[in-house]
Asker: 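Let me begin by handing over the structure; questions about it come next.
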Amino acid sequence: MSECEIPAPGPGEVLVAMRAAALNFADLLMREGTYQETPPLPFIPGLEGSGVVVAAGPDAGLAPGMRVAVFSQGTMAEANVFPAAHCHPIPDSMSHEEAAGFLVAYGTSHLALTLRAGLGAGETLAVLGAAGGVGLTAVEIGAALGARVIGIANGADKLAAVQAAGAHELIDAAACPDLRAALRDLGGADVVYDPVGDAPGAAAFGALKQGGRFLLIGFAGGKPPALPLNHALVKNIAIHGIHWGAYRKLQPQALRDSLSALMDLYAQGRLHPHVGATLPLARLAEGYDALQSRRAIGKIIITM
């Protein structure tokens, strides 16, 4: 293996010695060349991670020695240069493994549930794929906001993790022939959080109450849900697409406020990031396989 020269950070940039990085569903799409923001080949994979600032360019606003979480392309490396604006200081109590998978999953769920859905205390939140990397964060944040949370996942092991994250009701998707009916039997939902799509997403949509909100997070099930828009009209249902990274330009202050609120919740002991598996960089391919097969509970973390 050849050595490559580590570049020096320029204005507004920092050089970060990476300690850990997280896998996301977008990484699978990038590997296949189907993600909407796939960079040209060759590229360093990884969209988020954590590490220590070792050098800072002019006007970076971060100092060497600071521990940061990173949301930027190229985190699956021993070191890399990132825009300082894409690096966020982390509490001393947060491990690098926790921080590596914190920004995207928790950031997505917090913005979706607060800014877009306006989830209120006493409302019912149904979370599909509740044992996945983003699903568990939606369960935790929903419970922290005072909502009644229905967690939907496959099998007893995953449901146990969902319950530990704060879900009040559980549905085993593997043993549920009619998800819409099961949700309606539990009173329906004010908000559906859907990182799965396909048939489960459409079924959960059918259990929304009048004035409900449907959050499109991703399509781990393989394709988007076929949503009956006539029902959305009649029941005054709002459908929100959530692309967290786009909020850097769309509503940058909302993104910063959300991250600050999340760090406060973590510092208060109200959020407990679930590291589902930790693998060294040499076993990155195994991490991709676990993510593809949806075997993992919580985040898959790659250590450097």
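For the numbers below, each heavy atom of this structure counts, side chains included, while hydrogens, waters and symmetry mates do not.
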Asker: With rounding to the nearest 0.5 Å, note down the distance linking CG in Leu208 to CZ in Arg180.
Answerer: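 CZ of Arg180 is found 11.5 Å from CG of Leu208.
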Asker: Does any part of the side chain of Phe214, heavy atoms only, come nearer than 4.5 Å to the side chain of Leu216, both counted from C-beta?
Answerer: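 Touching, per the 4.5 Å side-chain cut-off.
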Asker: Asp257: which residues meet the side chain to side chain contact (heavy atoms under 4.5 Å, CB included) condition with it, sequence neighbours left out?
Answerer: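 For Asp257 the side chain to side chain contact (heavy atoms under 4.5 Å, CB included) partners, ignoring immediate neighbours, are Gln253.
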Asker: Any side-chain heavy atom of Leu125 within less than 4.5 Å of one from Asp190?
Answerer: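 No; the side chains remain at least 4.5 Å from each other.
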Asker: Would you check, one step at a time, whether the test side chain to side chain contact (heavy atoms under 4.5 Å, CB included) holds for Thr303 with Arg19?
Answerer: CA-CA 6 Å; Thr303 56; Arg19 297 290 185 263; over 6 Å; no
Asker: Only counting residues at least two apart or in another chain, list the ones meeting side chain to side chain contact (heavy atoms under 4.5 Å, CB included) with Ala165.
Answerer: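 Listed in chain order: Leu136, Val139, Glu140.
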Asker: Once side chain to side chain donor-acceptor pair (under 3.5 Å) is applied, do any residues pair with Asn24, and if so which ones, sequence neighbours excluded?
Answerer: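 For Asn24 the side chain to side chain donor-acceptor pair (under 3.5 Å) partners, ignoring immediate neighbours, are Glu48, Lys299.
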Asker: Is there side-chain contact between Leu284 and Leu23, with at least one heavy-atom pair below 4.5 Å?
Answerer: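 Sidechains of Leu23 and Leu284: in contact.
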Asker: How long is the gap from OG1 on Thr75 to CD1 on Ile302, to the nearest 0.5 Å?
Answerer: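 Here the interatomic distance stands at 10.0 Å.
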Asker: Is it the case that one hydrophobic cluster holds both Val14 and Ile90, taking links as side-chain heavy atoms less than 4.5 Å apart, direct or via other members?
Answerer: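 Yes, Val14 and Ile90 fall within the same hydrophobic cluster.
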Asker: Distance-only, no hydrogens or angles: does the Thr108 side chain make a donor-acceptor pair with backbone N or O of Val104 under 3.5 Å?
Answerer: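 Indeed, once roles are kept as given, a pair shorter than 3.5 Å links the two residues.
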Asker: Can you tell me if Glu13 uses its side chain to pair, donor with acceptor, with the backbone of Gly10 under 3.5 Å?
Answerer: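 Yes.
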Asker: Any idea which heavy atoms bring Ser109 and Ile141 closest together, and the distance?
Answerer: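 Between these two residues, the closest heavy atoms are CB-CD1, 3.8 Å.
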Asker: Measuring from His110:NE2 to Leu259:CG, what's the distance to the nearest 0.5 Å?
Answerer: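 Those atoms lie 9.0 Å apart.
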Asker: Tell me if a side-chain donor or acceptor on Asn236 pairs with a main-chain N or O of Gln210 at a distance below 3.5 Å.
Answerer: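 Here the side-chain-to-backbone pair does not exist.
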Asker: Give the intermediate values and the outcome of side chain to side chain contact (heavy atoms under 4.5 Å, CB included) for residues Val52 and Val68.
Answerer: CA-CA 6 Å; Val52 179; Val68 293; over 6 Å; no
Asker: Are the side chains of Arg116 and Leu215 in contact, using a 4.5 Å heavy-atom criterion?
Answerer: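 Contact flag for Leu215/Arg116 side chains = yes.
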Asker: Indicate if Leu111 and Ile217 have the same hydrophobic cluster label, given that clusters are the connected sets of ILVMFWY residues with side-chain heavy-atom separations under 4.5 angstrom.
Answerer: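 Cluster IDs for Leu111 and Ile217 match.
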Asker: Taking side chain to side chain donor-acceptor pair (under 3.5 Å) as the definition, give me every residue that meets it alongside Glu123, ordered by chain and number, with sequence neighbours left out.
Answerer: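 Applying side chain to side chain donor-acceptor pair (under 3.5 Å) to Glu123 gives Arg213.
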Asker: Are Pro91 and Met263 side-chain neighbours, meaning at least one heavy-atom pair lies under 4.5 Å?
Answerer: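 Answer yes - side chains close enough.
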Asker: Could you name each residue pair satisfying salt bridge (charged side-chain N to carboxylate O under 4.0 Å, His left out) that touches residues 148-172, not counting sequence neighbours?
Answerer: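 The answer is Arg148-Glu169.
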Asker: Quick one: are Thr124 and Val191 in side-chain contact, heavy atoms under 4.5 Å?
Answerer: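 With C-beta onward as the side chain, the pair stays apart.
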Asker: Apply side chain to side chain contact (heavy atoms under 4.5 Å, CB included) to Leu183 and Ile152, showing your working.
Answerer: CA-CA 10 Å; Leu183 285 168; Ile152 304 149; 4.1 Å; yes
Asker: Might you point out which heavy atoms bring Ile150 and Gly188 nearest each other, and give the distance in Å?
Answerer: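 The pair with the smallest heavy-atom distance is CD1-O, 4.4 Å.
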Asker: Out of curiosity, Leu62 CG to Cys87 SG, how far, rounded to the nearest 0.5 Å?
Answerer: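 Leu62 atom CG to Cys87 atom SG measures 6.5 Å (nearest 0.5 Å).
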Asker: Looking at Glu78, I'd like to know if its CD atom is crowded, meaning that more than 12 non-hydrogen atoms belonging to other residues, nucleotides or ligands lie closer than 6.0 Å.
Answerer: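 No, not enclosed.
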Asker: For side chain to side chain contact (heavy atoms under 4.5 Å, CB included), just list the numbers for Thr38 and Phe43, CA-CA rounded to whole Å, side-chain angles, deciding distance to a tenth of an Å, and then say yes or no.
Answerer: CA-CA 9 Å; Thr38 300; Phe43 66 87; 4.2 Å; yes
Asker: Looking only at heavy atoms, what is the nearest atom pair of Gly135 and Val127, with distance?
Answerer: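 Heavy atoms of Gly135 and Val127 come nearest at O-CG1, 3.7 Å.
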Asker: Do Met304 and Val54 sit in one hydrophobic cluster, given that two such residues count as connected whenever their side-chain heavy atoms are within less than 4.5 Å of each other, even indirectly?
Answerer: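 Unlinked, Met304 and Val54 end up in two clusters.
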Asker: Looking at every non-hydrogen atom in both residues, tell me the closest pair between Leu179 and Ala203 and how far apart they are.
Answerer: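 For Leu179 and Ala203, the tightest heavy-atom pair comes out as CB-CB, 4.0 Å.
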Asker: Strictly distance-based, threshold 3.5 Å: is any side-chain N or O of Asp194 a donor or acceptor partner for the main-chain N or O of Val196?
Answerer: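 Pair found, side chain donor or acceptor close to backbone of Val196.
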Asker: Please, which pairs that meet salt bridge (charged side-chain N to carboxylate O under 4.0 Å, His left out) have at least one residue in residues 273-284, sequence neighbours excluded?
Answerer: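 Of all non-adjacent pairs touching residues 273-284, those that pass salt bridge (charged side-chain N to carboxylate O under 4.0 Å, His left out) are Arg283-Glu286.
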Asker: Can you tell me which residue pairs pass the salt bridge (charged side-chain N to carboxylate O under 4.0 Å, His left out) test with a partner in residues 264-280, sequence neighbours excluded?
Answerer: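 Listed once each, the pairs would be none.
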Asker: Could you give all pairs that pass the ring-ring contact (aromatic ring centres under 6.0 Å, His included) test and reach residues 54-105, with sequence neighbours left out?
Answerer: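 Qualifying pairs, neighbours excluded: Phe71-Trp244, Phe102-Tyr106.
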Asker: Which value, rounded to the nearest 0.5 Å, describes the distance between Met94 atom CE and Leu271 atom CG?
Answerer: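 Reported value, rounded in 0.5 Å steps: 8.0 Å.
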Asker: Please find the pair of heavy atoms, one from Ala21 and one from Met76, that lie closest to each other, and give the distance.
Answerer: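 Closest approach of Ala21 to Met76: CB-SD, 3.7 Å.
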Asker: Determine whether Leu103 and Met66 fall in the same hydrophobic cluster, where Ile, Leu, Val, Met, Phe, Trp and Tyr are linked whenever their side-chain heavy atoms lie under 4.5 Å apart.
Answerer: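 Yes; Met66 is reachable from Leu103 via cluster members.
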Asker: Considering only heavy atoms from C-beta outward, does the side chain of Tyr247 approach that of Leu115 to under 4.5 Å?
Answerer: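 A side-chain contact exists here, since the closest heavy-atom pair is under 4.5 Å.
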Asker: Under 3.5 Å, which donor-acceptor pairs link side chains of residues 218-225 to any protein atom two or more places apart or in another chain?
Answerer:
none

Asker: Quick one: name the residues clustered hydrophobically with Val234, using the 4.5 Å side-chain heavy-atom rule over I, L, V, M, F, W, Y, and just say none if it's on its own.
Answerer: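 In the cluster with Val234 are Leu233.
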Asker: When you group the ILVMFWY residues by side-chain heavy-atom contacts below 4.5 Å and let the links chain together, are Leu291 and Leu279 in the same group?
Answerer: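 Yes: a chain of side-chain contacts under 4.5 Å links Leu279 to Leu291.
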Asker: Mark yes when over 12 heavy atoms from residues, nucleotides or ligands other than Asn230 sit less than 6.0 Å from its CG; otherwise mark no.
Answerer: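 Correct, the count exceeds 12.
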Asker: Looking at every heavy atom in both Ala189 and Ala126, which two are closest together, and how far apart are they?
Answerer: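 Taking every non-hydrogen atom into account, CB-CB, 4.0 Å.
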Asker: Please identify which of these residues, Leu119, Ile242, Thr137, meets the side chain to side chain contact (heavy atoms under 4.5 Å, CB included) condition with Leu113.
Answerer: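 Between Leu113 and the candidates, side chain to side chain contact (heavy atoms under 4.5 Å, CB included) is satisfied uniquely by Leu119.
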Asker: Just to verify, what does Ser93 make a side chain to side chain donor-acceptor pair (under 3.5 Å) with, not counting sequence neighbours?
Answerer: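 Counting only residues at least two positions away or on another chain, Ser93 forms no side chain to side chain donor-acceptor pair (under 3.5 Å).
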Asker: Any heavy-atom pair between the side chains of Gln73 and Pro39 that's under 4.5 Å?
Answerer: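 Sidechains of Gln73 and Pro39: in contact.
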Asker: Could you list all the salt bridge (charged side-chain N to carboxylate O under 4.0 Å, His left out) pairs where at least one residue sits in residues 84-107, not counting sequence neighbours?
Answerer: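 Qualifying pairs, neighbours excluded: none.
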